[in-house]
Amino acid sequence: MLDIQLLRSDLEGVATRLATRGFVLDTARFHELEVQRKAIQIRTQELQSRRNSSSKLIGQAKAKGEDTSVIMAEVVLVGEELKKIEVQLIDLQDELQVMLEGLPNMPHGSVPVGASEADNQEMRRIGNVPVFDFAVKDHVELGEALGGLDFETAARISGARFSVLKGGLARLHRALAQFMLDTHTDQHGYTEVYVPYLVNAASMRGTGQLPKFEEDLFRVPRQMGEGGEQNFYLIPTAEVPVTNMVRDEIVPLEQLPLKFVAHTPCFRSEAGSAGRDTRGMIRQHQFDKVELVQMVHPDESCAALEQLLGHAETILQKLGLHYRVVRLCTGDIGFSSAITYDIEVWLPAQDTYREISSCSSFEAFQARRMQARFRNSAGKPELLHTLNGSGLAVGRTLVAVLENYQLADGSIVIPDVLRPYMGGMEKLTR
RNA sequence: GGAGAGGUGGCAGAGUGGUCGAAUGUACCUGACUCGAAAUCAGGCGUAGGUAUAUGCCUACCGUGGGUUCGAAUCCCACCCUCUCCGCCA
């Protein structure tokens, strides 16, 4: 959420910056609502003030045993007008709130201006494109031939966009997650957390998935007492539960930065991506991810993003996978993000780079929605900056390992760093 | 699932219809005492919003949402959450 004070003081400036990401801010409507809000709020507060002081007088008069009928008749009139005008004020404030929650974050000044993916900037390529002296197979072919990847059974159990892993492949998947967690906790200073996979609407609102992106989520209806209904939502990323750990909290300054890592499944409805990436494990309703989350002092968020990106890159480097880092342009960054870097890993069967991590700084956008604050050096509560990034998407990393480490006979060499997690196994064969 | 207790400021904890935005303690800040510190004493110290720039005034906020009332932290209703005991259970 953007700071409404900023919209009030520099509406055109905000509109200009949002325009760089293709968002049209209805400045006329906002201005109109603000004018109305101002007038009605002033009137409401005036009436409230009169009611309060009259009521106080009634109390004093009654204490002295004086007659209060005149003043009480007066304050009843005030009360009647108040009732009407308060409804108007609430409606206006609701409409402003809806508008405000629908506004995306403003891109950081360093983000290249562009309309789409095509305008993203490649920052660097690390490692080399592997060369094969045989025709490479994709991960589906490799996995099925190894007897460890089974989409048919998954379809029977659940449907499309699910997978079943077996034997060595299931273990390799687990090894990857363990390796990532250990690296981030032992070498990068993150605290491992285990968190709920079902969260409430307030948490989804806090990180920005709600109210705008409900169709991307799996909702789990939940009957509460006496006709009350509250939904749970399956997390689309660990970002949601982990970032919301500080919702409505005031973190002591000396505890910053907070750095958490979590390995969780992620659930996405993939509405709107029908027909895309239907083959294989690239785009699934359920996948595992190791997520890095930081809550930092506002002065530190840019540096923290570079560090966090480096932490994610370390995993790929240790696995010996070729990748590139892309800086997303204003037209391609996510709704809540101020800056985003994508890491794309090389997939030889597709002869292309595919996103395997997305690292973002949200500045105060999520913190403002969550009321996640710290106590600054002056002793005043101030909004935190939040960041997160995949470190990495486990399913896609498995795909990358299979495709990049395949041999001519369809077996897979286990990367050195994973062997301790594989009982010393060097090669995955049928 | 059953029974009971409770949710108040950074923390602890009073407060059962009017001078309560809220005692008290503690933490924190400032000052005094001191060579300095501790102790002690004095003062200050919630969040958000409006107005607009005045050390100003006003409004809202005591788990959440409704209601009663001229007036609600306080009374009524519903819900959520926490704790204790019993039952069940991985």
Side-chain angles (χ1 to χ4, degrees), chain A residues 1-9 30-31 33-97 99-101 194 196-206 220-233 241 244-256 258 295 364 367-384:
Chain A
M1 199 159 66
L2 298 179
D3 185 359
I4 194 163
Q5 305 290 1
L6 186 62
L7 278 107
R8 285 175 184 149
S9 62
F30 180 83
H31 184 72
L33 285 171
E34 264 295 288
V35 169
Q36 288 179 35
R37 190 221 94 233
K38 204 166 185 169
I40 291 184
Q41 183 164 351
I42 290 170
R43 179 67 183 151
T44 303
Q45 293 188 351
E46 240 173 57
L47 290 169
Q48 284 171 333
S49 176
R50 263 172 48 200
R51 182 199 58 196
N52 289 348
S53 53
S54 296
S55 293
K56 214 166 259 188
L57 288 177
I58 292 170
Q60 287 167 1
K62 284 206 165 169
K64 291 184 214 152
E66 294 167 0
D67 175 57
T68 57
S69 56
V70 174
I71 188 163
M72 273 177 73
E74 226 174 76
V75 76
V76 165
L77 292 177
V78 172
E80 279 167 8
E81 189 184 347
L82 241 184
K83 245 175 214 166
K84 284 182 212 152
I85 202 166
E86 272 175 346
V87 172
Q88 288 177 40
L89 182 62
I90 287 168
D91 286 349
L92 271 171
Q93 281 173 336
D94 284 351
E95 193 172 342
L96 273 166
Q97 185 66 21
M99 195 169 178
L100 208 57
E101 283 188 351
Y194 170 81
Y197 305 156
L198 288 165
V199 301
N200 56 32
S203 293
M204 286 295 184
R205 191 171 293 269
V220 182
R222 182 189 181 208
Q223 204 58 44
M224 307 299 277
E226 288 290 319
E229 204 177 293
Q230 273 181 13
N231 293 313
F232 275 142
Y233 294 87
N244 274 281
M245 289 189 348
V246 294
R247 172 152 54 87
D248 295 321
E249 287 284 327
I250 299 173
V251 180
L253 183 61
E254 62 272 17
Q255 282 180 21
L256 297 181
L258 295 173
M295 296 87 170
R368 186 171 293 108
R369 289 171 161 245
M370 291 192 299
Q371 283 303 298
R373 297 172 294 179
F374 69 101
R375 205 166 281 284
N376 66 23
S377 53
K380 290 290 167 196
E382 188 178 328
L383 294 170
L384 287 163

Side chain to side chain donor-acceptor pair (under 3.5 Å) evaluation trace for A:S55 with A:N52: CA-CA 5 Å; A:S55 293; A:N52 289 348; 5.8 Å; no
Working for salt bridge (charged side-chain N to carboxylate O under 4.0 Å, His left out), residues A:K84 and A:E81: CA-CA 5 Å; A:K84 284 182 212 152; A:E81 189 184 347; over 6 Å; no
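Between the P atom of B:C28 and the CD atom of A:E254 lies a distance of 11 Å, rounded to the nearest Å. In this entry the distance linking CD of A:E249 with P of B:C11 reads 9 Å, nearest Å. For the pair A:L92 CG and B:G49 P, the computed distance is 18 Å after rounding to whole Å. Atom CD1 of A:I90 and atom P of B:C61 are 11 Å apart (whole Å). Counting to the nearest Å, the P atom of B:G49 and the CG atom of A:L89 are 15 Å from each other. Summarising the geometry, the separation between CD on A:E80 and P on B:G71 is reported as 11 Å, rounded to the nearest angstrom. Rounded to an integer number of Å, the gap from CD of A:E382 to C1' of B:G46 is 17 Å. Rounded to an integer number of Å, the gap from A:E81 CD to B:C70 P is 17 Å.
A salt bridge does not link A:E80 to A:K83: none of the charged side-chain nitrogens sits closer than 4.0 Å to a carboxylate oxygen. A salt bridge between A:E46 and A:R43 is present, with a side-chain N of the basic residue lying under 4.0 Å from a carboxylate O of the acidic one.
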List every contact pair, protein side and nucleotides 51-58 of chain B side both N or O, where the distance is under 3.5 Å.
unit_1, atom_1, unit_2, atom_2, d
B:U51, OP1, A:K38, NZ, 3.1
B:C58, O3', A:S49, OG, 3.2

Could you go through nucleotides 17-22 of chain B and list every protein N or O atom that sits under 3.5 Å from one of its N or O atoms, giving the distance for each pair?
unit_1, atom_1, unit_2, atom_2, d
B:G18, N2, A:S55, O, 2.7

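Of all nucleotides present, only B:U64 satisfies the Watson-Crick or G-U wobble test against B:A78, with each distance under 3.5 Å. In this structure, B:C57 forms a base pair with B:G50, meeting either the Watson-Crick or the G-U wobble geometry with both donor-acceptor distances under 3.5 Å. Pair assignment for B:C20: none, as no Watson-Crick or G-U wobble contacts are both less than 3.5 Å. With both pairing distances under 3.5 Å, B:C33 is matched to nothing as a Watson-Crick or G-U wobble pair. Taking a pair to require two hydrogen-bonding distances under 3.5 Å in either a Watson-Crick or a G-U wobble arrangement, B:A3 pairs with B:U84.
Residue contacts shown for A:Q371 are absent, as no nucleic acid heavy atom lies under 4.0 Å away. In this structure, A:P381 reaches the sugar-phosphate backbone alone: every heavy-atom distance under 4.0 Å involves primed, P, OP1 or OP2 atoms, never a base. Residue A:R50 is classed as having no contact, given no heavy-atom separation below 4.0 Å to the nucleic acid.
Taking the P atom of each, B:A39 and B:A27 are spaced 8 Å apart, rounded to whole Å. Nucleotides B:C62 and B:U8 have their C1' atoms positioned 4 Å apart, rounded to a whole Å. Between B:G9 and B:G31, the two P atoms lie 30 Å apart (nearest whole Å). Using P as the reference atom, B:U47 and B:G36 are 33 Å apart when rounded to the nearest Å. Separating the C1' atom of B:C77 from that of B:U68 is a span of 11 Å, rounded to the nearest Å. One P atom belongs to B:U34, the other to B:G49, and the distance between them is 45 Å to the nearest Å. Distance noted for atom C1' between B:U30 and B:C45: 10 Å (whole Å). Only the C1' atoms considered, B:A22 is 12 Å distant from B:G13, to the nearest whole Å.
Between the side chain of A:R222 and the backbone N or O of A:F232 there is no donor-acceptor pair closer than 3.5 Å. Between the A:N376 side chain and the A:E382 main chain, no donor and acceptor come within less than 3.5 Å of each other. In terms of modelled atom types and a separation under 3.5 Å, the side chain of A:R51 and the main chain of A:G79 share no donor-acceptor contact.
Side chain to side chain, A:Q88 and A:Q36 fail the donor-acceptor criterion of an N or O pair below 3.5 Å.
Annotation: side chain of A:N244 is not in contact with side chain of A:M204 (no heavy-atom distance under 4.5 Å). A heavy-atom distance below 4.5 Å is not found between the side chains of A:K380 and A:R373.
What you find for A:M370 and A:R247 is that their closest heavy atoms are O-CG, 3.3 Å.
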